[in-house]
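Owing to the predicted nature of the structure, the values given are computational and were not obtained by experimental measurement.
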Amino acid sequence: MIASRTRLFATVTTLLAALAATLLGPAAAYAGTPAAVRDGASQPVYSYADAVRETVWVDTGLDGDGNGRTDRVAADIVRPREPAAAGRRIPAIMDASPYYSCCGRGNESQLKTYDTRGRPVGFPLFYDNYFVPRGYAVVLVDLSGTNRSDGCVDVGGPADITSAKAVVDWLNGRAGGYSARTGGSAVTPGWADGSVGMIGKSWDGTIANGVAATGVPGLKTVVPISAISSWYDYYRSDGAPLYSGTPADLAGLVETSATRARCAAVQKQLAAGSPSNGSWTALWQQRDYVASAAKVRASVFLVHGLQDLNVRDIHFSQWWSALAQAGVERRIWLSQTGHVDPFDFRRGAWVDTLHAWFDHYLLGIDNGVRNGPVADVERAPDQWTQDQAWPAPGTVTSTLGLRPGTLTTAAGGGTAGFTDNPARDENAWAADADRSTPDKTVFTTGPLTAPLRVSGGGSVTLTATPSTGSARLSAVLVDLGPATIRDYQASGEGITTLGSRSCWGDGTAGDSACFLDTAADTAQVGATVFSRGWADLGHYAGLDRSLTLTPGTAYPITFDLAGTDHVVPTGHRLALIVAGTDHGLIDPPSTRPTVGLDLARSFLRLPLVGGPGPLPPQATPGNGAELPALTAGPAGTAARPWTFR
C-alpha cells in the first residue's frame, strides 16, 4: 500500500510539473532547462520524497595508497526523478568534503547517513532539501581517504583536488564512474547537463577554490565560504608559524582508521614538507591556488568572516585580488563573525541570494543577479551595507608615517621598541593602548573629525633591530572607541544557537529540512581589532629560507595586513599596535628579544576610501625624512616577496 501511494504521488507530481510548465509559459523551459520558472526563479515543482538517491564511485586516475589500483571516490547523489524520466538533463550543486563521517557539517555537525544496504539517506545541510525540488542534483563527495573513498588525504594537494575534479569530469563525460567501490558496472550521468557549481565552508570551500584553479571545463561557479586560498597561509604568516602542528595532523583527523594505517608514508611526506621554520617549500607551492587564479573559468561568490581567526582574512583578500587581476566575475559577503556559515548569520537573505546565483550560473536564468551589488559588508550586528565594487569605489592606498605614539599623515621619525612577551595577546594590547607596557608600542591618531573607512588589504614596513637571533613581529589595526560587535571570541564566534527551528525546502523521515535558528551574539567593547598581520623577522629577505639574526643589526621587513572593511567612526581613534608574539595566534620564537624600531624607515600603507583626508593633522617630521609617495588606484594586499573546518 505504501509503495502504491509513493507511485501515485510521483505520477501526480510529474503531471503537476508538466502543468506548471504549461501555465508558466516559455520561461518554464528557459535556456532549455527542465525547471519551472516564475518571477525569474526556479520553482519547487519536483518531488523530494521520490528523488533518486544513489552512490557512484568515480575513478580519480590516482593510486594514492599504493595498492596497485586506481582510487575511486564516493559521490552520493540526490536528484529529482521527473526530469530524467522526461529525457531532460539538470545541473549539479557539489560539496566535496573530508568531514562527512568524522566531524560533520554545519552548525549541527550533520553526518551522512545510509540505509542497511549502504544507500544514501541523510544529506547534511540544506542544499538538497531546497534545490532538488527546484530541478538541481546535489552531489556530496567524500575526498580521497575519507568516509567511503579510496586513497589518502593530502590536505589540499593533488589527491584532494583531483578527487573532486574527477567528479566534475564524470558529470561531463570525461571520467569513469562505477556502481561499487571495487568492480561493479559502469555508471554514466545521463541525467546531468554538465553544469556544476561547487560550494562549501572551510576545507570544503578550499577544495572549490582548488578545483576552480585547475580551469576544469563544466565548473560554472564556486561559492567558497571561510575558505583557504593558500595552505602556507593557513599554517604560516610571512615565516611565522600560526600553529605548532603540520598538515599531517589534519590528515589524521579526517582519515578513517583503515586509511590511516595504509597512508603513513603520505603523512610523513606532509610533515617533512612543512618545516616549522616557516620557509616556502615545494609542498606549500603545490597548495597555493592564488598562483593559478588566471586559470579560473568559474564565477566566484566569496563569503568570509572579518573576524575569522581559523581561516584568517588574508585568504579571502589575496584570492579576491588575484581573481580581480584575472578578470573573474565575482561577488563577496563580509560578515562580523568568525568562522561561521552565512546560513547561520543571515539565513533568509543567504538562501534567496544563493538561489538566484545558482539559477543564473547553472540554469541560465536572466534574473539580474549579475547587476546587483558586488559587496555586502556587515557594519554592526545584522546591519549591512552594499557597494558596487570591492575594495569600495574611491579607495586609494595611502601611506602613513610613524612617530613615537603617533600615527601621522606626515613622515615618521624617532625610535620605539618592545620586549616580546608570549603571554600577552592583541586584546591585552588594545585594552592597554593608552598605557605604556613593555610588550608593545602603539601609534594612534587623534580623535577623527569624520568617519574613516578602511577597505581592502594593507601592509606595514618596519625596520627592526633585535637583541637576539630570532624575533616575531605582530601588527594589528585597532578602532579605539566603544562599539557593539558580534562576540567572535565566544564559542559561537558571533552567533547564538536557539532552540527553535525553521524549515528550508522539503524533507523526509531520514533527512529533515528544518534547522536550528540562530541570532547574533553581541558584546560591548571599548576597542576593536579589525586587521592583523604577523611575520618572522628571520625571513626579512624572503620566504625561501630562515636566517639567524645578528643582534644589534637593523633589518627591514614588509608584511601584509589582512583584508578588512571597517569604518572608524567620528570621535574614535585609529591605532596601529606593533609587538612580538600574539598569544594564541602565532607561536613564539626560540628567544625573548627586545626589538627596536627605526621609525624614520618604518611606515603603514592602508587602503582608505577617499584617502587620508579624515585623519587629523599631525606634527611635521623633525629630521627631513620623506614618506614614500601615495599610491593612487585600487587597493589590495601587498605583493609577496617571491615569484578546520
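Judged by distance alone, with hydrogens and angles left aside, the side-chain atoms of Y555 form a donor-acceptor pair with the main-chain N or O of T550 at under 3.5 Å. Under a 3.5 Å cut-off, the side chain of T591 and the backbone N or O of S470 do form a donor-acceptor pair. In this structure, the side chain of R287 does not engage the main chain of G210 through any donor-acceptor pair within 3.5 Å. A donor-acceptor pair under 3.5 Å links the side-chain atoms of H539 to the main chain of N277, judged by distance alone. Judged purely by atom type and a 3.5 angstrom limit, R297 uses its side chain to pair as donor or acceptor with the backbone of G215. Under the 3.5 Å distance criterion, the side-chain polar atoms of D439 are left unmatched by any main-chain donor or acceptor of T419. Of the possible polar contacts, none joining the D160 side chain to the G157 backbone as a donor-acceptor pair under 3.5 Å is found. In this structure a side-chain-to-backbone donor-acceptor pair under 3.5 Å is missing from S230 to D288. At distances below 3.5 Å, at least one donor-acceptor pair connects side-chain atoms of T221 with backbone N or O atoms of S299. The backbone N or O of I228 sits less than 3.5 Å from a side-chain atom of T206, completing a donor-acceptor pair.
A donor and an acceptor atom, one from each side chain of D71 and S144, are nowhere located under 3.5 Å apart. E255 and Q267 share a side-chain donor-acceptor pair at under 3.5 Å. In the model, T528 has no side-chain atom that pairs as donor or acceptor with a side-chain atom of D479 under 3.5 Å. Under 3.5 Å, the side chains of S229 and Q318 contain a donor-acceptor pair of N or O atoms. Looking only at atom types and distance, the side chain of Y289 has a donor-acceptor partner in the side chain of W231 under 3.5 Å away. Counting only N and O atoms by type, the side chains of S531 and T564 include no donor and acceptor under 3.5 Å apart. For T406 and T408, the side-chain atoms include no donor-acceptor pair closer than 3.5 Å. Inspection of the S202 and H339 side chains reveals an N or O donor paired with an N or O acceptor under 3.5 Å.
Interatomic distance, L250 CG to S274 OG, rounded to the nearest 0.5 Å: 11.0 Å. The line from SG of C263 to CD of Q269 is 10.5 Å long, rounded to the nearest 0.5 Å. Separating the OG1 atom in T463 from the CG atom in L402 is a distance of 10.0 Å, to the nearest 0.5 Å. Here CE of M198 is found 8.5 Å from CG of D204. Values are rounded to the nearest 0.5 Å. In this structure, I577 CD1 and E426 CD are separated by 9.0 Å, a value rounded to the nearest 0.5 Å. The OG atom of S602 sits 5.5 Å away from the CG atom of L597 when rounded to the nearest 0.5 Å.
Between P438 and F418, every side-chain heavy-atom pair lies at or beyond the 4.5 Å cut-off. Looking only at side-chain heavy atoms (C-beta outward), V300 and P224 come within less than 4.5 Å of each other. A 4.5 Å side-chain heavy-atom check between L462 and V578 finds at least one atom pair inside the cut-off. With contacts defined as side-chain heavy-atom distances shorter than 4.5 Å, the pair L576/V476 does not qualify. Contact annotation: the side chain of V216 approaches that of V211 to within less than 4.5 Å [non-hydrogen atoms, C-beta and beyond]. By the 4.5 Å heavy-atom criterion applied to side chains, H583 and P422 are not counted as neighbours. Counting only heavy atoms from C-beta outward, the side chains of T259 and D65 never approach each other to under 4.5 Å. The closest side-chain heavy-atom distance from V266 to K268 is not below 4.5 Å.
In summary, R592 and D420 do not engage in a salt bridge, as defined by a charged side-chain N under 4.0 Å from a carboxylate O. A salt bridge links R435 to D432: at least one charged side-chain nitrogen sits closer than 4.0 Å to a carboxylate oxygen. Salt bridge D434/R573: present, at least one basic N to carboxylate O contact under 4.0 Å. Electrostatic pairing of D565 and R379 counts as a salt bridge here, judged by a charged N lying under 4.0 Å from a carboxylate O. Between R486 and E378 there is a salt bridge, since at least one side-chain N of the basic residue sits less than 4.0 Å from a carboxylate O of the acidic one. D313 and R532 are not joined by a salt bridge, as no carboxylate oxygen comes within less than 4.0 angstrom of a charged side-chain nitrogen.
Heavy atoms from other residues, nucleotides or ligands lying under 6.0 Å from CZ of R601 number 12 at most. For NE2 of H572, the number of neighbouring non-hydrogen atoms (other residues, nucleotides, ligands) closer than 6.0 Å is greater than 12.
In this structure, H315 and Y234 have tilted ring planes: the angle between them lies in the 30° to 60° band. Taking the six-membered ring for Trp and thresholds of 30 and 60 degrees, Y232 and W280 have ring planes more than 60 degrees apart, a perpendicular arrangement.
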Item to complete: Using the side-chain contact (heavy atoms from CB on, under 4.5 Å) rule, take W284 and L543 through it: C-alpha gap first, then chi angles, then the decisive distance, then the call.
Response: CA-CA 11 Å; W284 300 125; L543 296 182; over 6 Å; no
Item to complete: Evaluate the criterion side-chain contact (heavy atoms from CB on, under 4.5 Å) for residue pair F301 and R330; output intermediate values, then yes/no.
Response: CA-CA 6 Å; F301 187 175; R330 64 207 186 284; over 6 Å; no
Fill in: From CA spacing to verdict: side-chain contact (heavy atoms from CB on, under 4.5 Å), L606, S398
CA-CA 5 Å; L606 286 184; S398 305; 5.6 Å; no
Worksheet entry | Stepwise side-chain contact (heavy atoms from CB on, under 4.5 Å) test for L452 and V567 | CA-CA 6 Å; L452 180 71; V567 176; over 6 Å; no
Practice prompt. Dump the intermediate steps for side-chain hydrogen bond (donor to acceptor under 3.5 Å, both in side chains) on T162 and K165, then the final yes or no.
Written response: CA-CA 5 Å; T162 301; K165 177 181 175 291; over 6 Å; no
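Residues L615 and L448 share a closest heavy-atom pair of CD2-CD2, 3.9 Å. A pairwise comparison of heavy atoms in V460 and A475 identifies CG1-CB, 3.9 Å as the closest pair. Scanning both residues, I207 and A164, for their nearest heavy atoms gives CG2-CB, 3.5 Å. Across every non-hydrogen atom of R312 and L585, the tightest pair is NH1-O, 2.7 Å. Nearest heavy-atom pair across A227 and V311 is O-CG1, 3.3 Å. Between V155 and W203, the closest heavy-atom pair is CA-CZ2, 3.8 Å.
A centroid separation of 6.0 Å or more is found between the aromatic rings of F559 and W534. The ring of F316 has its center closer than 6.0 angstrom to the ring center of W390.
Partner R472 forms a salt bridge (charged side-chain N to carboxylate O under 4.0 Å, His left out) with one of D536, D238, D582 and no other, that one being D536. A side chain to side chain contact (heavy atoms under 4.5 Å, CB included) with T146 holds for exactly one of C152, P98, S163; it is P98.
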